[in-house]
Amino acid sequence: MCGLPPGRPFLCVVVRHPCKLFIEFFIMKLTLAIQKSGRLHDDSMRLLKECGIDITNGVNKLKAEAGNFPLELYFLRDDDIPQYVEDNVADIGFVGENVVLEKKKQVIPCEPLGFGKCRLSLAIKKGDSFTGVADLEGKRIATSYPVILGDYLKSQGVSADIHEISGSVEIAPGIGLADAICDLVSSGSTLFMNGLREATTILQSQAVLIKNAGLPAEKEALLERLLFRIRSVKKARNHKYILLNAPNDRLDTILSLLPGMKSPTVLPLAEPGWSSVHSVLNENDFWNIIEQLRDAGAQGILVVPIEKMIV
Ligand code: ATP
Ligand code: ZN
């Protein structure tokens, strides 16, 4: 095919002209839609940077190009991203799961991205009692998520009056527009300031990578390269590299506490009777294991962040 190196995603286009035959080559690029500005923008750009992808121009424009990866970026409103990906205007997108579920477009979620974490919750006035979602039967609920809320209430056998509002949902009970709201929450401080309290969570959400359902094989291959980098960055964020000194007579106990990627590394120290032990720990087990290591006689414990983790 065009005599080009195998495995490189080139698109070969033959252009016919009355007197000549031009053959032009374009490098096939993956197009990625991210939020133009808002809560997901900075984390989306940071993830790309940590994946070693340089965005060379135009963050203030609608489009930008990666200098060192076949990737083009489109900056859009987050609500529009699923539609653009379904329509193949963008091949892939970074967007909140909440938006994906609300818009119900034909797109495929491929990878949770670990940022934009929030929950979609039902909230009621501070003084109102709440024993369960059945308490909302026949009530007016304001939300920007009528589809997710409607599906949830249906699954609970509750019938309520859903008022769709595009923004500032939290003020609806205060101005008499609704009895309750269903909105995104992270700390709960906005609810508190508006005299509301969280009653129950109906969805846990984070940003996800979505893809068009019919990507050609060349673009799937580019996506696999990007996903490989994203997974390595995510793994590194969740792990720490640990170095410690262990007395040889406690080595067995100390090693039994450490997982490592294959197994811990053990090197002799210059001081007789001591070893240096290196390992990788998961963030979730971290403090637990450090305490046990200290109790087992480990000394001089150093903990270092990992930039990338290829497994
Ligand atoms: P746009 O102008 O792109 O439409 P927006 O105002 O709809 O932006 P943001 O408030 O920037 O959207 O939120 C974007 C996404 O960030 C949400 O859809 C959600 O996935 C995530 N998010 C994380 N925490 C929160 C939060 N506390 N409140 C709202 N969204 C949050
Ligand atoms: Zn939006």
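In listed order, ligands and their atoms are each counted from 1.
In the candidate list Gly188, Gly167, Gly116, Gly116 is nearest to atom 21 (C) of ligand 1, counting heavy atoms. The option with the heavy atom closest to atom 25 (C) of ligand 1, from among Gln206, Glu102, Glu97, Arg39, is Arg39. When Val185, Leu40, Asp43, Asn98 are checked for heavy-atom proximity to atom 20 (O) of ligand 1, Asn98 turns out nearest. Nearest-residue assignment for atom 14 (C) of ligand 1 (options Asp78, Asp183, Ile34; heavy-atom criterion): Asp78. Heavy-atom proximity to atom 22 (N) of ligand 1, evaluated over Ser187, Ala207, Cys118, Gly96, is greatest for Cys118.
Between His41 and Phe75, the ring-plane angle classifies as tilted under the 30° and 60° cut-offs.
Every atom of ligand 1 is numbered from 1 in the order shown, and the set under 4.0 Å from a heavy atom of Val99 is 18 (O). Which parts of ligand 1 touch Asp79 is read off a 4.0 Å heavy-atom cut-off, strictly below it: atoms 4 (O), 7 (O). Atoms of ligand 1 lying under 4.0 Å from at least one heavy atom of Gly38, given by number and element, are 11 (O). Contact atoms of ligand 1 toward Ser186: 26 (C), 27 (N) (distance under 4.0 Å to a heavy atom of the residue).
Transitive grouping of hydrophobic side chains (ILVMFWY, heavy atoms separated by less than 4.5 Å) brings Leu113 and Val233 into a common cluster. A continuous path of Ile, Leu, Val, Met, Phe, Trp and Tyr side chains, each step under 4.5 Å between heavy atoms, connects Ile81 with Val99, placing both in one hydrophobic cluster.
To the nearest 0.5 Å, atoms CZ (Arg225) and CZ (Phe69) are separated by 4.5 Å. For the atom pair Arg140 CZ and Ile162 CD1, the distance stands at 14.0 Å (nearest 0.5 Å). Atom CH2 of Trp274 is separated from atom CG of Leu244 by 10.0 Å, given to the nearest 0.5 angstrom. For the atom pair OH of Tyr145 and CD of Glu102, the computed distance is 7.5 Å after rounding to the nearest 0.5 Å.
For Gln35, every heavy-atom contact with ligand 1 shorter than 4.0 Å involves the side chain, none the backbone. Contacts between Lys117 and ligand 1 below 4.0 angstrom, taking non-hydrogen atoms only, involve the backbone exclusively. Residue contacts with ligand 1, taken as heavy atom pairs separated by less than 4.0 Å, do not involve Val95 at all.
Here the Zn ion (ligand 2) is the vertex; the OD1 atom in Asp78 and the OD1 atom in Asp79 give an angle of 70° (to 10°).
Nearest to atom 2 (O) of ligand 1 among the protein's heavy atoms is Arg77 NE, 3.5 Å. Protein heavy atom closest to atom 30 (N) of ligand 1, with residue, atom name and distance, is Leu184 CD1, 3.3 Å.
For atom 6 (O) of ligand 1, no protein heavy-atom neighbour is found at a distance under 4.0 Å.
Lys61 forms no cation-pi arrangement with Tyr74, by the criterion of a distance under 6.0 Å to the ring centre and an angle within 45° of the ring axis.
Salt-bridge check for Glu283 with Arg237: failed, with every basic side-chain N at 4.0 Å or more from each acidic carboxylate O.
Within a 6.0 Å radius of NZ in Lys308, more than 12 heavy atoms belonging to other residues, nucleotides or ligands are found.
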